[in-house]
Amino acid sequence: MKKSIAVMLILSLLFTISLVGCKSNGSNKENDKTSEQGLEAADNEFGLETVDVTDENGEVVTDKNGNPVTTEVAVEYSTDKNGNTIAKVLDKNGEVVTDKKGKEVTIKYKTSTTAKSKKKTTTDKADAPDKKATDKSTKATTVPTKGNEGTTAKEITTLPIDKDKVPTIKEAKNSSEKKAVTFSESDQQIVKEMLEVPELYNGSYDNAKGVPINIAAHAALWMAQRKGMNTKSYASGTIVLDLFKYFAQTVVNFKNQVNSDSDNDNLVYNANNDSFTISGFESKTHTVTIEKIEYLGNNNYYLVSGKVDYVKGSGKKNVYAIIQKNKLDATLGFSIKALEWS
């Protein structure tokens with residue numbers, strides 16, 4: 001069920017939101033390892049919620065055919081005092097939007113599959129994507145390779161958790177249903193850059209097993225670097241929301257494991273004030289040449305096959321990645337769902 005919320009109100013609230021103080025306490029990495037203080041939200045769950053656009057009078061805006069105009073807002077999932085699952089609306093920095101009285105702006109939702117997954121928004125059965133429509137080529141950012149019916153959807157396809165199946169790398173490579181496609185040059189460049197995150201080759205994973213903390217830390221540094229913020233201290237919401245955008249799933253226990261399970265010293269979580277300190281960003285470690293992209297269907301998944309050339313080190317020659325085309329990050333448009341380096 002779609003929820004109605006005044007988007008214009010949200011936009012106005014973004015100008016009045018109070019951001020969390022993020023100054024580093026200067027403590028060393030060892031002292032900032034997991035502690036009880038500041039870890040109440042260590043397993044934050046994030047996602048997108050589809051909402052109806054409303055005007056200043058609270059009326060739902062409709063298109064020329066009378067259908068509600070919708071948009072998607074980033075949210076952090078939580079529960080209210082009655083135990084109901086709610087979605088707190090987030091601003092672009094990953095902070096919860098508050099009104100002029102300091103009250104958090106939230107969205108109540110009723111879809112049980114959403115409450116169970118807490119990792120992605122879902123739609124009611126009536127809103128589920130039409131398979132025939134999904135299987136047709138579109139004028140989106142990818143075009144078919146000659147002789148194939150490579151497809152893509154214009155926007156993220158959201159399915160109930162029991163129908164959203166991210167294949168393993170092995171399943172994807174062995175699938176007889178995949179179809180070769182050609183991404184636009186700009187999309188290929190984006191995927192290439194996402195696979196060239198420094199040190200990303202240090203971890204392989206299938207989606208069901210969760211994202212390894214060590215490569216999540218490298219992705220977090222890369223995502224923060226892209227923001228170009230002139231600071232070394234970041235609100236925790238900024239970092240963990242960016243991780244959700246990159247991987248399209250919550251990196252479980254990231255805050256209370258990154259200090260001990262990460263293989264770099266550049267990113268430190270400060271439990272006393274729930275913030276991250278970034279002492280420096282990472283230099284390029286490898287390059288990726290994309291050789292093939294194949295459409296896997298289901299929830300807009302693709303298998304990327306590429307060759308790896310090391311700037312430093314040796315050993316890894318190939319990379320396989322399952323990516324999802326989505327709208328979690330407007331400047332990326334994709335998320336990495338699984339990785340295999342060999």
> Whether Lys170 and Asp206 form a salt bridge (side-chain N of Lys/Arg under 4.0 Å from carboxylate O of Asp/Glu) is what I want to check.
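Not counted as a salt bridge, because no side-chain N and carboxylate O are separated by less than 4.0 Å.
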> Would you say Asn253's side chain and Asn256's backbone share a donor-acceptor pair under 3.5 angstrom?
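Checking the backbone N and O of Asn256 against the side chain of Asn253, no donor-acceptor pair under 3.5 Å is found.
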> Taking the side chain as every heavy atom from C-beta outward, state whether Leu339 and Tyr320 have any atom pair closer than 4.5 Å.
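No - every pair of side-chain heavy atoms lies 4.5 Å or more apart.
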> If you round to the nearest 0.5 Å, how far is CD of Gln249 from NZ of Lys337?
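Rounded to the nearest 0.5 Å, the NZ-CD separation comes to 5.0 Å.
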> Which residues pass the salt bridge (Lys or Arg N to Asp or Glu O under 4.0 Å) test with Glu193, not counting sequence neighbours?
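Scan of Glu193 (salt bridge (Lys or Arg N to Asp or Glu O under 4.0 Å), adjacent residues dropped) gives none.
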> Applying salt bridge (Lys or Arg N to Asp or Glu O under 4.0 Å), name anything that partners Lys178, two or more places apart in sequence or on another chain.
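Once residues adjacent in sequence are excluded, Lys178 has no partner under the salt bridge (Lys or Arg N to Asp or Glu O under 4.0 Å) criterion.
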> Measuring from atom NZ of Lys165 to atom CG of Leu296, what distance do you get when rounded to the nearest 0.5 angstrom?
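Between Lys165 NZ and Leu296 CG, I get 15.5 Å after rounding to 0.5 Å.
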> Atom CD1 of Ile278 and atom NZ of Lys232: how far apart are they, to the nearest 0.5 Å?
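Here the interatomic distance stands at 11.0 Å.
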> Taking the side chain as C-beta and beyond, is there a heavy-atom pair between Val211 and Tyr205 under 4.5 Å?
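Yes; the side chains approach each other to less than 4.5 Å.
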> Return the set of residues passing side chain to side chain donor-acceptor pair (under 3.5 Å) with Thr331 (not counting sequence neighbours), or none when no residue passes.
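Checked Thr331 against side chain to side chain donor-acceptor pair (under 3.5 Å); matches are Arg226, Asp329.
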> Determine whether a donor-acceptor pair (N or O, by modelled atom type, separation under 3.5 Å) exists between the side chain of His286 and the backbone of Leu195.
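Answer holds: yes.
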> For a 4.5 angstrom cut-off between non-hydrogen side-chain atoms, does Val240 reach Val251?
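Side chain of Val240 against side chain of Val251, heavy atoms only: no contact under 4.5 Å found.
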> What pairs with Ser204 under side chain to side chain donor-acceptor pair (under 3.5 Å), at least two apart in sequence or on another chain?
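By the side chain to side chain donor-acceptor pair (under 3.5 Å) rule, Ser204 matches no residue at all.
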> Among residues two or more places apart or on two chains, list those pairs meeting salt bridge (Lys or Arg N to Asp or Glu O under 4.0 Å) that have a residue in residues 195-205.
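Listed by first then second residue: Lys192-Glu196, Glu196-Lys284, Glu199-Lys312.
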> Between the side chains of Thr289 and Asp309, is a donor N or O closer than 3.5 angstrom to an acceptor N or O?
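Short answer, no.
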> Yes or no on side-chain contact (heavy atoms from CB on, under 4.5 Å) for Val96 and Glu104, after CA distance, side-chain angles and deciding distance?
CA-CA 7 Å; Val96 178; Glu104 296 177 335; 3.7 Å; yes
> Taking the side chain as every heavy atom from C-beta outward, state whether Leu332 and Met223 have any pair of such atoms under 4.5 Å apart.
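Of all side-chain heavy-atom pairs linking Met223 with Leu332, at least one is under 4.5 Å.
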> Are any of the side-chain heavy atoms of Ile215 and Trp341 separated by less than 4.5 Å?
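Not touching, per the 4.5 Å side-chain cut-off.
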> Can the ring centroids of Phe334 and Tyr302 be said to lie less than 6.0 angstrom from one another?
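No - the distance between ring centres of Phe334 and Tyr302 does not fall below the 6.0 Å cut-off.
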> Distance-only, no hydrogens or angles: does the Asn65 side chain make a donor-acceptor pair with backbone N or O of Asn67 under 3.5 Å?
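Judged by distance alone, no pair lies under 3.5 Å.
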> Let me confirm one number: the OH-CH2 distance from Tyr246 to Trp222, rounded to the nearest 0.5 Å.
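Interatomic distance, Tyr246 OH to Trp222 CH2, rounded to 0.5 Å: 6.0 Å.
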> Could you tell me whether the side chain of Asp99 and the main chain of Lys103 form a donor-acceptor pair under 3.5 Å?
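Looks like yes, one N/O pair under 3.5 Å.
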> Between Val252 and Gln257, is the side-chain contact (heavy atoms from CB on, under 4.5 Å) condition met? List the steps.
CA-CA 9 Å; Val252 179; Gln257 290 185 14; over 6 Å; no
> Any chance you could measure Ser335, atom OG, to Leu243, atom CG, to the nearest 0.5 Å?
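Taking OG in Ser335 and CG in Leu243, the distance rounds to 11.0 Å.
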> The criterion is salt bridge (Lys or Arg N to Asp or Glu O under 4.0 Å); which residues satisfy it with Lys307, sequence neighbours excluded?
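Salt bridge (Lys or Arg N to Asp or Glu O under 4.0 Å) list for Lys307, sorted by chain: empty.
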> List the steps, then state whether side-chain contact (heavy atoms from CB on, under 4.5 Å) holds for Lys88 with Val75.
CA-CA 5 Å; Lys88 300 179 181 179; Val75 297; 5.9 Å; no
> What about Tyr234 and Phe276, are their ring centers closer than 6.0 Å?
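Ring-ring flag for Tyr234/Phe276: false, centres at least 6.0 Å apart.
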> Counting distance only, does the side-chain N/O of Glu171 pair as donor-acceptor with the main-chain N or O of Thr168 below 3.5 Å?
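Yes, the answer is positive, given that a donor and an acceptor are paired below the 3.5 Å cut-off.
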> Near Glu177 CD, under 6.0 Å, is it more than 12 heavy atoms from other residues, nucleotides or ligands?
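Counting other residues, nucleotides and ligands, CD of Glu177 stays at 12 neighbours or fewer.
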> Counting C-beta onward and ignoring hydrogens, is there a side-chain heavy-atom pair between Asp274 and Tyr269 closer than 4.5 Å?
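Of all side-chain heavy-atom pairs linking Tyr269 with Asp274, at least one is under 4.5 Å.
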> Which pair of heavy atoms, one from Phe254 and one from Ile239, lies closest together, and at what distance?
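Where Phe254 meets Ile239 most closely, the heavy atoms are CE2-CG2, 4.1 Å.
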> What distance do Ser184 atom OG and Ile190 atom CD1 have between them, rounded to the nearest 0.5 Å?
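Taking OG in Ser184 and CD1 in Ile190, the distance rounds to 7.5 Å.
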> Ignoring hydrogens and geometry beyond distance, is a side-chain donor-acceptor pair present between Ser262 and Asn214 at under 3.5 Å?
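Judged by distance alone, the side chains do not pair up.
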> Given side chains that start at C-beta, do those of Lys292 and Val304 come closer than 4.5 Å, heavy atoms only?
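Of all side-chain heavy-atom pairs linking Val304 with Lys292, none is under 4.5 Å.
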> I'd like to know if the side chain of Asp187 reaches the main chain of Phe183, judged simply by a donor and an acceptor atom lying under 3.5 Å from each other, with no hydrogens or angles considered.
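Checked: no pair found.
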> List the steps, then state whether side-chain contact (heavy atoms from CB on, under 4.5 Å) holds for Asn326 with Asn300.
CA-CA 8 Å; Asn326 57 42; Asn300 225 356; over 6 Å; no
> Do Asn270 and Thr277 have side-chain heavy atoms sitting under 4.5 Å apart?
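Of all side-chain heavy-atom pairs linking Thr277 with Asn270, at least one is under 4.5 Å.
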> Given the side-chain rings of Tyr301 and Tyr295, with only the six-membered ring counted for Trp, is the space between their centroids under 6.0 Å?
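That pair fails the under 6.0 Å test.
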